[in-house]
Amino acid sequence: MHSPLAFDLTVTSLLAPLVRGQSVTLLPERSVLEEMSGALRNGPGYCLLKLTPAHIEGLGYMLAPSDVPGKVGALVIGGEALRAESLAFWRSADPGLKIVNEYGPTETVVGCCVHEVTSDDLSSGEVPIGRPIANTQLYIL
């Protein structure tokens with residue numbers, strides 16, 4: 001977890017692993033990319049890494065492809081529009097990595113819409129925001 005405790009993405013960054021009986025690694029807010037790349041390189045492996053597209057791109061420049069396989073069970077990406085080009089490093093370094101594009105404004109408690117990125121998805125352009133989570137309807141105004 002790299003965000004402040006009061007930030008909305010902390011809800012899933014903190015609670016999702018704990019509900020599964022996993023631990024949470026708290027990273028200092030300063031030097032976020034350096035801390036995350038070090039944790040991925042040297043850590044035991046993580047079930048979930050929740051980041052923004054900007055973080056995904058930055059980590060792709062800081063990590064070697066050999067640093068990635070088996071280090072993350074799932075990437076959950078949100079907070080801004082996700083472009084498929086941002087995922088190129090991750091998709092080639094660990095083809096089996098589960099990648100989820102999550103969309104949802106703060107007012108909806110972060111994620112109201114998800115799309116799991118698959119090998120069938122395009123390699124360029126915007127990644128879809130997906131479909132609403134259970135018991136939810138979306139209205140585009």
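Keep in mind that this is a model prediction, so the values were computed, not measured.
- Contact detail for Pro53 and Glu80: the closest heavy-atom pair is CD-CG, 3.1 Å.
- The distance from the NZ atom of Lys71 to the CG atom of Leu63 is 10.5 Å, given to the nearest 0.5 Å.
- Nearest heavy-atom pair, Pro132 versus Cys113, reported as atom, atom and distance to 0.1 Å: N-SG, 4.0 Å.
- Linking ILVMFWY side-chain heavy atoms closer than 4.5 Å, directly or via other members, places Phe89 and Met62 in a single hydrophobic cluster.
- Here Ser37 pairs with nothing under the side chain to side chain donor-acceptor pair (under 3.5 Å) rule; sequence neighbours left out.
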Apply side-chain contact (heavy atoms from CB on, under 4.5 Å) to the pair Lys98 and Val72, showing each step before the final yes or no. CA-CA 9 Å; Lys98 183 175 187 169; Val72 180; over 6 Å; no
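- No donor-acceptor pair under 3.5 Å is formed between the side chain of Glu126 and the backbone N or O of Leu82.
- Side-chain N or O atoms of Ser86 include none that pairs as donor or acceptor with a backbone N or O of Ala84 at under 3.5 Å.
- Side chain of Asn101 to backbone of Pro128: a donor-acceptor contact under 3.5 angstrom is found.
- A distance of 10.5 Å separates NE2 of His115 from CZ of Arg131, quoted to the nearest 0.5 Å.
- In this structure, Ser92 contributes its side chain and Ala88 its backbone to a donor-acceptor pair below 3.5 Å.
- Formation of a donor-acceptor pair under 3.5 Å by the Lys50 side chain with backbone atoms of Leu75 is not found in this model.
- Each of Ile99 and Leu122 belongs to its own hydrophobic cluster when Ile, Leu, Val, Met, Phe, Trp and Tyr are linked at side-chain heavy-atom distances under 4.5 angstrom.
- Nearest heavy atom pair, residue Glu85 against residue Ser124, reads OE2-CB, 3.1 Å.
- Note that CD of Glu57 is 11.0 Å distant from CG of Leu33, once rounded to the nearest 0.5 Å.
- Taking every heavy atom of both residues into account, Thr136 and Cys112 meet most closely at CG2-O, 4.3 Å.
- With Trp90 contributing its side chain and Ile56 its backbone, the two residues share a donor-acceptor pair below 3.5 Å.
- For Arg41, the side chain to side chain donor-acceptor pair (under 3.5 Å) partners are Asp67, not counting sequence neighbours.
- Separation of atoms OH (Tyr103) and CG (Leu138) is listed at 8.5 Å; rounding is to 0.5 Å.
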Candidate pair Val68 and Leu40, rule side-chain contact (heavy atoms from CB on, under 4.5 Å), full reasoning: CA-CA 7 Å; Val68 175; Leu40 287 171; over 6 Å; no
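- Contact of the Thr52 side chain with the Ile77 side chain is not registered, since no non-hydrogen atoms from C-beta on lie closer than 4.5 Å.
- In this structure the side chain of Leu87 never reaches within 4.5 angstrom of the side chain of Asp121, judged on heavy atoms.
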